[in-house]
Structures are given as structure tokens and as C-alpha cells.
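Chain identifiers are assigned alphabetically (A, B, ...) following the order of the sequence lines, protein sequences preceding nucleic acid strands; residue numbering begins at 1 within each chain.
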Amino acid sequence: MTAPRTVEVLLPVAFDRALTYAVPDGLEVAPGDVVVAPLGTRPTVGVVWDGGGAEVEGARLKALLGKVAASGLSASMRGFVDWVAAYTLAPRGQVLRMAMRGLAADEGPREPRMGLKATGKAPGRRTPARDKALAAAANGETWSKKQLAESAGVSASVLDGLVADGALALSPLPPPPPPPRPDPHLPGPELSPEQASAAAALRAAVAARSFSVTLLDGVTGSGKTEVYCEAVAEALAQGRQALVMAPEIALTVPFLDRFAKRFGARPAVWHASVGEKGREAVRRGVADGSIQAVVAARSGLFLPFRDLALVVVDEEHDAAYKQEDGVSYNARDMAVVRGRIEGAAIVLASATPSLETRINAERGRYGRLALPARFGGRTMPEIKAIDMRRAGPVKGEWLAPALVSAVTQTLAAGEQALLFLNRRGYAPLTLCRRCGHRMKCPHCAAWLVEHRFRASLVCHHCGYTAHSPKTCPACAAEDSLVACGPGVERIRDEAVARFPDARVAILSSDLIGAGERLRAELDAIERGAVDIVVGTQMVTKGHHFPGLTLVGAIDADFALGAADPRAAERTFQMLQQVTGRAGRGERPGRALIQTHEPDHPVIRALAANDREGFYRAEAIAREAAMMPPFGRLAAIVVSAPTRELAEAHGRALARSAPKQETVRVLGPAEAPLAMVRGRHRMRLLVQAPRAVDVPAYLRSWLAAAPPARGGVRVAVDVDPQSFM
DNA sequence: AGCACGCCGACT
DNA sequence: GTCGGCGTGCTC
């Protein structure tokens with residue numbers, strides 16, 4: 001008797017090893033095939049992985065249950081899953097799960113959707129609603145239930161009644177026409193000479209049919225989208241596929257419309273709120289090649305493209321590319337890896353590239369295309385700092401006289417002003433005038449932020465919410481609690497008081513809950529129905545406000561003091577993005593930055609419009625802070641139900657770190673506790689020289705680390721945003 | 001990720 | 001006496 005044929009199958013569960021299964025007679029399977037395998041008590045859909053079978057005692061071997069018609073995973077896709085799992089220290093099955101999203105287990109010929117058709121038979125009973133429905137259906141065509149109900153102006157239950165009566169019958173609907181394909185041969189927009197030469201370089205990178213990474217580094221308003229769309233056009237013209245990734249928030253209708261305008265059809269869309277049906281359709285289309293262009297959030301990187309020519313990572317600096325829960329990865333960097341595996345061209349686009357991408361470009365690892373000027377002869381906004389120590393407002397107000405007069409001029413000219421403050425709510429601190437008590441979060445080491453509109457105090461770290469108290473919880477004094485510092489709500493109040501005739505709108509993520517309301521506000525601003533916008537970082541995402549000519553940054557440098565090694569870079573990026581909103585329309589813009597540190601390098605670089613100088617200085621400062629040769633960063637994230645457990649395990653882990661002289665572990669003391677979704681979190685930071693294999697180091701560390709008990713969980717965040 | 005197994009509190 | 005809470009560990 002011969003040994004049974006076996007295959008290795010990876011299953012989409014949080015499990016690292018592929019399992020060995022017997023292949024029943026008559027079943028032919030090859031690596032990449034989607035199969036059904038028994039796992040524990042349940043049949044589970046998985047993928048045949050390659051690699052020789054490990055020895056398993058015959059008694060424990062189970063047999064595959066069957067094969068699924070769905071398109072499987074190519075060798076390069078399997079390689080990508082393996083690579084990401086190894087790099088992020090995630091179980092391979094968990095990464096496979098991401099690569100299987102949208103996979104329909106019952107994939108095969110679709111059953112036609114059923115519609116309704118008039119039979120010609122008269123219904124048993126006639127009512128006005130039934131007459132309307134039959135009149136609408138009288139053309140003899142098959143209608144979808146929803147369309148028939150809508151066009152007849154009756155409810156679906158009327159139609160159900162007619163079906164029961166035999167006047168309407170179920171009938172298969174013709175298959176929906178395939179969605180229109182984007183057409184790369186439509187004439188593109190007119191490009192400036194700079195845009196045209198960048199576009200030609202990107203087209204060439206795609207035409208080369210090989211792996212490359214190019215930073216498309218263009219100031220706000222330089223027309224990066226038009227440039228990378230030419231690269232997309234090249235990929236489409238070759239009959240190959242293009243993926244455009246954008247931070248979730250940017251996947252808005254205006255963005256898709258811009259794409260549609262260039263290519264005559266909307267791209268396929270892939271993000272969190274696309275339903276299961278839509279996902280299946282996109283996955284299938286991408287796998288069989290019928291979909292050539294996809295616009296996606298970070299998870300789109302795991303789609304099984306048949307012939308991927310190009311990945312564009314728009315706004316590559318955006319923190320939304322980093323996934324923190326489950327498999328922790330940065331989609332921007334994994335895009336580079338995927339490109340290397342697939343032999344695709346990668347374009348990283350940003351007006352404010354991340355430091356690491358700039359450095360990779362400077363060191364020649366990535367190519368760089370620069371668009372240093374705005375499109376259409378428009379100028380960059382003029383930026384001035386207001387020294388709040390010398391020319392600040394009186395106590396209790398937040399708008400400096402110079403900013404107030406600038407707003408006055410702007411309003412008089414019929415233009416829009418934006419007052420930017422990256423702090424939600426009314427006031428970041430509430431304290432007792434009598435005893436000095438500060439309202440703090442019971443879970444985090446953070447102050448509670450007053451939200452006056454909601455009459456509550458909120459922790460912006462963990463979401464803890466309490467009603468605003470009337471008396472001091474420490475000394476019981478009445479009317480002694482005072483709001484300290486500004487949030488956007490407070491700035492709005494001040495703007496309304498200062499400019500009583502102006503129409504003031506507020507734009508912050510607090511509005512997101514009411515998505516409809518946010519859209520209405522954005523529309524109003526775009527139409528010019530708003531004079532002053534008070535907003536958080538939200539305003540930098542996606543939308544264009546052509547009438548905006550003045551930006552005032554209220555508290556520009558408040559984040560600069562933070563211990564975050566990226567504080568300067570983040571602040572510079574944020575202020576560049578915000579000030580870059582001014583003057584995108586017909587009229588030139590300007591920006592005023594209120595600061596207490598006018599001599600800070602970030603503020604000086606902004607005011608001098610010295611982008612290059614800032615990047616150069618910051619790169620040197622960052623290297624110094626990392627103490628060369630240390631460069632790469634990783635974090636071990638400990639989470640636990642209680643603060644004590646998180647701290648105890650964090651300390652135990654730090655003690656157990658392998659003593660490698662070339663790796664530095666920064667202990668729990670340097671990384672403050674936070675609470676996220678009801679769990680206390682602690683981060684241990686790891687610094688290592690570039691030559692060290694960080695994932696391997698972490699793997700060996702965790703293998704020997706004290707076991708996590710009592711609900712403690714340990715996750716690894718190999719920070720790819722480093723100088724690799 | 002599921003799902004079973006296991007060991008402690010309030011119910012028919 | 002059991003039903004069921006979710007902590008722990010396994011999955012060919």
C-alpha cells in the first residue's frame with residue numbers, strides 16, 4: 001500500500017503553520033488552490049501552500065473535503081503573505097485571512113438574480129396600487145423588484161401580493177452589464193512642463209515592467225494626482241492593472257469623480273465600508289483581470305491582482321496607512337514589498353513626504369520626482385509667524401490682533417478664512433480655582449477635555465466620558481471649575497463674538513458621527529456659504545475650498561514639546577498641509593501662524609518656506625536622537641485588563657530582553673500607559689542598528705519571554721517607518 | 001479566529 | 001444539584 005498523497009494547507013486562522021492533509025482519490029490540487037479542510041469541528045476554507053509535507057502520524061491526518069472554484073493565490077501572492085507574516089511577526093494564517101477577504105466560498109457561475117414580469121393574467125382583486133404596478137410592468141420587460149416598486153410608486157408588498165395572485169411572475173433578470181472600463185486613451189488634462197516631465201518619467205517606470213519605487217514629491221496644489229494618473233493610464237494601456245491607495249478618509253466621491261473625469265469611468269473601490277457583495281465582485285474582477293483599476297484603502301494591498309503593473313500610495317506620509325490592530329503593518333512599506341515581488345512600479349506621492357521616504361530617495365534607494373511649484377501659475381501662500389509672547393491677545397482670548405485684522409480684511413474682500421486648531425472640544429483642561437484640582441481621566445495619564453456642546457468631559461485617549469460636574473470633585477467648592485486653553489468649540493465662540501456678521505462653521509471629527517451633517521458643512525463651505533471655518537486636522541483631508549485665502553493656525557507649536565521623536569516632522573507636515581489650503585483658487589493665499597516659539601526650527605522653516613532646509617536639518621536631528629548606528633524602531637505592545645498587569649508584564653518583558661549590545665530596549669518608563677478599547681496598553685521601544693534583523697531578534701526574545709497570563713496580550717509593531 | 005474544555009457563581 | 005461565565009489552549 002502506498003502512502004497517502006498529502007498537501008500543506010494554510011488556513012485563515014491566527015495560526016502560523018500550514019497543516020498537512022490527505023488528498024482523497026479523485027481530487028487534484030495544486031499550490032494556490034482554494035480548498036475546504038476540516039479544522040477541529042468545522043470545515044474551513046484555506047489555501048494549498050507549497051513546501052514539502054512535514055511528517056505527521058497517519059492516524060492524525062485528516063482528508064480534504066473538496067476544492068472551491070474560486071481563483072486561488074498565485075505564487076507571488078503566497079510569497080507576499082509569507083513575507084508580511086515574517087516581517088510583522090504575525091501568524092501566517094492571520095495574514096492569509098487578509099488576503100482572502102472577499103473570497104466567496106461558493107464562487108462559480110452566478111445564479112441569475114430574479115426579477116418580476118407581468119404574466120398578462122388579471123389579478124383576483126384590483127386596487128389603485130395594483131393598477132399602477134401592472135401599468136408600469138405592462139411593457140413586458142423583467143423588472144427588479146426595487147425598480148418596479150419605485151417607478152410605479154407602490155410598496156414592495158403590493159408586488160408580493162400580485163405575485164401571489166399570479167399577475168406577476170418571477171423571471172430571471174438579464175445579467176447586469178459589466179461596469180464601464182476606464183479608458184486610458186481619453187485625452188488627459190493639459191499638464192505644465194514640470195508635470196509633463198514627471199508624468200513621462202512615471203510612464204517610463206511602468207513601461208519598464210520591473211520593480212521601481214519613485215517618490216512624487218510635489219508641494220500642495222502642484223497637481224500630483226494628474227501626474228500619477230498618467231502612470232495609471234500607462235498601466236491600463238498595457239492591459240495590466242493599477243492600484244491607487246489612499247487614506248480611508250480620502251476615498252471620497254470628489255476623489256473618485258476626478259478619476260472618472262480622466263478615464264471616463266469610476267474605478268473599482270475597496271475599503272472598510274464596501275459590503276460583502278461588492279468585495280466579492282472586486283476580488284473576482286481583480287483576479288480574472290476584468291477590473292484594471294482599483295482605488296483602495298490599505299487593505300486593498302492584499303487583493304490578488306492578476307497582473308499588477310503599478311501601485312500608487314497617495315499621501316504616503318499619512319498615519320492611516322499604519323494598521324495597529326491585528327496584524328500590525330504599514331501599507332506604504334508593504335506596497336514596496338509587494339512591488340518587489342510582483343515586479344511592479346511603486347509611486348509614493350505626497351506634498352509632505354515622510355522623513356524616511358525622503359531619506360530613502362536621497363540615498364538613491366527610491367527615485368524622486370519633484371514638483372516644486374503650484375500648478376497654473378498659482379503661488380504658495382505667504383506665511384508669517386505671530387509671536388504670541390509679544391503680540392498675543394489679552395487674557396481669555398486666543399486670536400492675536402494681527403490675525404483678527406487679517407480675518408477682517410479677508411471677509412471684507414468676500415473671501416474665506418480658516419482658523420485651524422488641532423484640538424477637539426471646548427477646552428483641554430478643567431481645573432478648580434480654589435484647590436487646584438485638575439480633571440483627569442481615571443484610566444489614562446491624560447486631562448479630560450471639556451465638550452461644552454455635549455456638556456461633558458471626555459478623555460481623547462480612551463473615550464471615557466463623564467458629565468461636566470457642577471462642583472469640584474476634590475473640595476466640593478461650587479462654581480470653582482474653570483476651562484483652561486482653547487479647543488475648536490471655544491475658537492468658534494470667539495470668532496462668532498468677534499465677527500458677528502460672519503457665517504461660521506465648525507469642522508472636526510466630532511461631526512463624523514453625523515456623516516450627513518459633515519457633508520452638508522463641506523458643501524456649504526465649497527459653495528461659499530460660509531465665511532469662517534474653524535477646524536481640526538480634518539480640514540486637510542480631501543476637500544478643496546477654492547474661496548479660502550487666509551489660514552490662521554491658532555496654537556501651532558503645542559505638539560512640538562511632546563516626547564515623540566516625530567513631533568517636529570509631524571508638526572511641520574501638519575502646518576504645511578493646513579497652510580497649503582490657502583490660495584488654491586483664483587486668488588493668492590496667506591497664512592498666519594500663532595506661536596510661542598518663533599525661533600523653533602519648524603516655525604522658521606515654515607515662515608521661510610524652506611522645505612528642503614527643514615528636511616535636511618530634521619534628518620540630521622533624527623539621526624542624532626537615534627544615536628547612530630541605531631536606526632530601526634520596533635515596539636512591543638503589552639495590553640492587559642488592568643494597569644498593574646500591563647505594567648508588571650511590561651517590566652518582566654524588558655528584563656527578559658536578550659542582551660545584545662547592538663540593540664537598545666527603552667523600558668516602560670519612557671513609554672506612557674494608555675487605555676485603548678478598555679484595555680491598558682504599554683509599549684516597550686526597541687532600537688537596533690540597520691544591520692540587525694529586527695523581526696528575528698524580536699522572535700527569539702518573545703520565544704524566551706515569560707508567558708503572558710491573566711488576559712495579558714503581547715503584540716509586536718515592527719515600525720517600518722525607519723531608515724531601513 | 002473559532003471552538004471545546006475546564007473550573008467557579010446564581011438559578012430551575 | 002445544573003446552567004453558563006469566559007480564561008486557556010489546540011487546530012493536521
Undergrad: Between P on dA1(B) and CG on Leu10(A), what's the gap in Å once rounded to a whole number?
TA: 14 Å
Undergrad: Rounded off to whole Å, could you give me the CG-to-P distance for the Leu61(A) and dT11(C) pair?
TA: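 Taking atom P of dT11(C) as the reference, CG of Leu61(A) is at 13 Å.
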Undergrad: Give the rounded distance in Å between these two atoms: CE of Met100(A) and P of dA1(B).
TA: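 Result: 15 Å.
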Undergrad: Between C1' on dA1(B) and CE on Met98(A), what's the gap in Å once rounded to a whole number?
TA: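 Going from Met98(A) (CE) to dA1(B) (C1'), I get 14 Å.
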Undergrad: Rounded to whole Å, please give me the gap between CZ in Arg97(A) and C1' in dA1(B).
TA: 5 Å
Undergrad: From the options dC12(C), dA1(B), dA4(B), select the nucleotide whose nearest atom is closest to the side chain of Thr41(A).
TA: dA4(B)
Undergrad: Run the ring pair (Phe, Tyr, Trp, His ring centres under 6.0 Å) test against Phe211(A) and tell me which residues pass, sequence neighbours left out.
TA: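 Here no residue qualifies.
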Undergrad: Which nucleotide in the list dA1(B), dC12(C), dT11(C) gets nearest to the side chain of Thr20(A)?
TA: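 Of dA1(B), dC12(C), dT11(C), dC12(C) is nearest to the side chain of Thr20(A).
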Undergrad: For a 4.5 angstrom cut-off between non-hydrogen side-chain atoms, does Gln292(A) reach Pro267(A)?
TA: no
Undergrad: Please work out if Arg17(A) contacts a base, only the sugar-phosphate, or nothing of the nucleic acid, heavy-atom cut-off 4.0 Å.
TA: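 Arg17(A): base contact, heavy atoms under 4.0 Å.
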Undergrad: Answer yes or no for Arg338(A) and Phe80(A): cation-pi contact, defined as NZ/CZ to six-membered ring centre under 6.0 Å and angle to ring axis within 45°.
TA: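 Yes, Arg338(A) and Phe80(A) form such a contact.
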Undergrad: Can you list every pair that meets salt bridge (charged side-chain N to carboxylate O under 4.0 Å, His left out) and has a residue in residues 15-41 of chain A, with sequence neighbours left out?
TA: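 Applying salt bridge (charged side-chain N to carboxylate O under 4.0 Å, His left out) to every pair that reaches into residues 15-41 of chain A, excluding sequence neighbours, yields Arg5(A)-Glu28(A), Asp33(A)-Lys67(A).
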Undergrad: What is the distance, rounded to the nearest whole Å, between atom CG of Leu39(A) and atom C1' of dC12(C)?
TA: 9 Å
Undergrad: What N/O pairs connect the protein and nucleotides 3-9 of chain C at under 3.5 Å? Give each pair on its own line.
TA:
from	atom 1	to	atom 2	distance (Å)
dT8(C)	OP2	Gly711(A)	N	3.4

Undergrad: Quickly work out the Leu11(A) CG to dA1(B) C1' distance and round it to whole Å.
TA: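 Distance check: Leu11(A) CG to dA1(B) C1' gives 11 Å.
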Undergrad: So which atom in Gly93(A) and which in Leu10(A) form the shortest heavy-atom distance, rounded to 0.1 Å?
TA: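 Residues Gly93(A) and Leu10(A), closest heavy atoms: N-CD1, 4.2 Å.
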Undergrad: Is there side-chain contact between Val686(A) and Tyr697(A), with heavy atoms separated by less than 4.5 Å?
TA: yes
Undergrad: Rounding to a whole Å, what distance do you find between Arg101(A):CZ and dA1(B):C1'?
TA: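 In whole Å, dA1(B) C1' and Arg101(A) CZ are 14 Å from each other.
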Undergrad: Describe the nucleic acid contact of Phe15(A) in one word from base, sugar-phosphate, nothing, applying a heavy-atom distance below 4.0 Å.
TA: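 Contact class for Phe15(A): base.
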Undergrad: Does Arg713(A), at its CZ atom, have more than 12 non-hydrogen atoms belonging to other residues, nucleotides or ligands within less than 6.0 Å?
TA: no
Undergrad: Remember a base hit wins even if backbone is also touched, and classify Pro38(A) as base, sugar-phosphate or nothing at under 4.0 Å, heavy atoms.
TA: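 Sugar-phosphate, no base atom in range.
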